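Model, not experiment: these values are computed from the prediction. Order of the sequence lines sets the chain letters (A, B, ...), proteins ahead of strands, with each chain counted from 1.
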Amino acid sequence: MSKNKNTYLAKQIVAWYQINGRKDLPWRKNISVYKVWISEIMLQQTQVATVIPYFKRFIKEYPSLRSLIKASEDDILALWSGLGFYRRAKNIFLAKEKIKQDFKGRFPKNFDDILSLPGIGQSTAGAISSIALNNPHPILDANVKRVLKRFYGKDFNEKELWDLSKMATPQKNVFEYTQGIMDIGAIICTSKKKDCDLCPLKSNCSSKNIPLAKKIAYKKINPTHHLTYKLLIYKKKYLLFKKTDKTFWDGLWVPAEGQVKNYIKNIKTQHSTKVTHKLSHLNLKINIDIIHVNKLESIRTNSEHKWVAFNEIEKVAIPAPIKKVINNEQNYSV
DNA sequence: GAAGCGTGGAG
DNA sequence: TCTCCAAGCTT
């Protein structure tokens, strides 16, 4: 790749960012390495608009690394409830534990130290370094991949893209460059459309060599997975169990599966609802029996469980489709 | 290296 | 309604 083209790319993006960048995003105000870290984890495979309310809630609860240090995994998962890819929340817990143990409670500034934290890979470490610390490390997210492929006019492989991103990343103004190229990818040069008129790279771009939509080799069919839950409700409280299998929703709280057979004699009212829900690798068909009971019984299980009051639901990590059913039931019950 | 891991928005 | 896919990392 020509050096001139690299120089042009960085220069144009930096200038564009200074005028048109999305500086109003919550993680771009009062920037700290802690907040950049949290935002970058939330933004993995997740769009900006989705992240914003979760980020605000998280920072309101834990405004600083110091405040996060005391949090439990459950606390962090609860703030992640509905955002998906829950391993990210577990890794935030593990990372802050490592920060406490190995880095005296201070977020590391050295690139390899940042990269050593759970949940932080090459690209996220690059983003934290360049955005929060102004150190010129490349990133390679979906935006950068797309913009580079189109600008240089070739469908590069992963390694070529890393090399290219490294060459294109400027030594100066890396803060503006890194955020600018992501903004351009998210606003102007998206996967489904190209607003070339608005693009600062248009006079030297080779995107006409790259078709907008890529062909799909084959479409993978996800298997269907059936779930049967019994949502027990007693005096405005829900009985929830902590899920411990790794398949999906590991560590989240869901209704009973088979643990409450002895409740059959205490049923006050009962109705059921069916919901379908798509995970990235499974199609779920969920049947939930919603059972109001009039008496408490002992529960025969080794799995962790608790009764959660209506108004405490937001403090528990519950999968999105289950939370919808609960909210729906709550609306009917009042 | 490929599969696993959630959810919701866009077209 | 359906398909794609998004500020990726881990195993």
Under 4.0 angstrom between [X] side-chain N/O and [N] OP1 or OP2:
| X | N | value |
| --- | --- | --- |
| A/W249 | B/dT7 | yes |
| A/H277 | B/dT7 | yes |
| A/K278 | C/dC4 | no |
| A/Y54 | B/dT7 | no |
| A/Q45 | C/dA6 | no |

Counting the atoms with a prime plus P, OP1 and OP2 as sugar-phosphate, which does [X] contact under 4.0 Å by heavy atoms, base, sugar-phosphate, or nothing?
| X | result |
| --- | --- |
| A/T50 | nothing |
| A/R28 | base |
| A/I41 | nothing |
| A/K246 | sugar-phosphate |
| A/T247 | sugar-phosphate |
| A/W27 | base |
| A/Q122 | sugar-phosphate |
| A/F85 | base |
| A/A142 | sugar-phosphate |
| A/K145 | nothing |
| A/G185 | nothing |
| A/T124 | sugar-phosphate |

Task: Rounded distance in Å between the P positions of B/dG6 and C/dT1 - done: 26 Å
Open item on the list: Between B/dA3 and C/dA7, how many Å separate the two P atoms, rounded to a whole number?
Closed with: 23 Å
Closest to the [X] side chain: [options]?
| X | options | result |
| --- | --- | --- |
| A/R87 | C/dA7, B/dG6, B/dG4 | B/dG4 |
| A/Q44 | C/dA7, B/dG6, C/dG8 | C/dG8 |
| A/N91 | C/dA7, C/dT10, B/dG8 | C/dT10 |
| A/S280 | B/dG6, C/dA7, B/dT7 | B/dG6 |

Round to the nearest Å and state the distance from [X] atom [atom1] to [N] atom [atom2].
| X | N | atom1 | atom2 | value |
| --- | --- | --- | --- | --- |
| A/L252 | B/dG6 | CG | P | 8 Å |
| A/Y86 | C/dT10 | OH | P | 19 Å |
| A/L83 | C/dA6 | CG | C1' | 12 Å |
| A/Q47 | B/dT7 | CD | C1' | 10 Å |
| A/K323 | B/dG8 | NZ | C1' | 15 Å |
| A/I114 | C/dA7 | CD1 | C1' | 16 Å |
| A/L282 | B/dG4 | CG | C1' | 10 Å |
| A/N283 | C/dT1 | CG | P | 15 Å |

Using a strict cut-off of less than 4.0 Å between a Lys/Arg side-chain nitrogen and an Asp/Glu carboxylate oxygen, indicate whether [X] and [Y] qualify as a salt bridge.
| X | Y | answer |
| --- | --- | --- |
| A/K109 | A/D113 | no |
| A/K145 | A/E158 | yes |
| A/K306 | A/E304 | no |

TODO: Look at the aromatic rings of A/H225 and A/F248 and report parallel, tilted or perpendicular, splitting at 30° and 60°.
DONE: perpendicular
- [ ] Could you label the plane-to-plane angle of the A/F310 and A/Y238 rings as parallel, tilted or perpendicular, counting under 30° as parallel and over 60° as perpendicular?
- [x] parallel
Task: Derivation and outcome, salt bridge (charged side-chain N to carboxylate O under 4.0 Å, His left out), residues A/K159 and A/D163 - done: CA-CA 6 Å; A/K159 185 190 179 309; A/D163 292 342; 2.8 Å; yes
- [ ] Assess whether one donor atom and one acceptor atom, taken from the side chain of A/K192 and the base of C/dC5, lie less than 3.5 Å apart.
- [x] no
TODO: Answer yes if the side chains of A/S72 and A/D75 hold a donor-acceptor pair under 3.5 Å, and no otherwise.
DONE: yes
- [ ] Identify the residue among A/V308, A/L232, A/L252 that makes a side-chain contact (heavy atoms from CB on, under 4.5 Å) with A/L240.
- [x] A/V308
Task: Which residue lies more 5' along DNA chain C, comparing A/E40 with A/P118 via nearest heavy atoms - done: A/E40
Open item on the list: I want to confirm an ordering. Mapping A/A49 and A/T46 to their closest nucleotides on DNA chain B, which one lands closer to the 5' end?
Closed with: A/T46
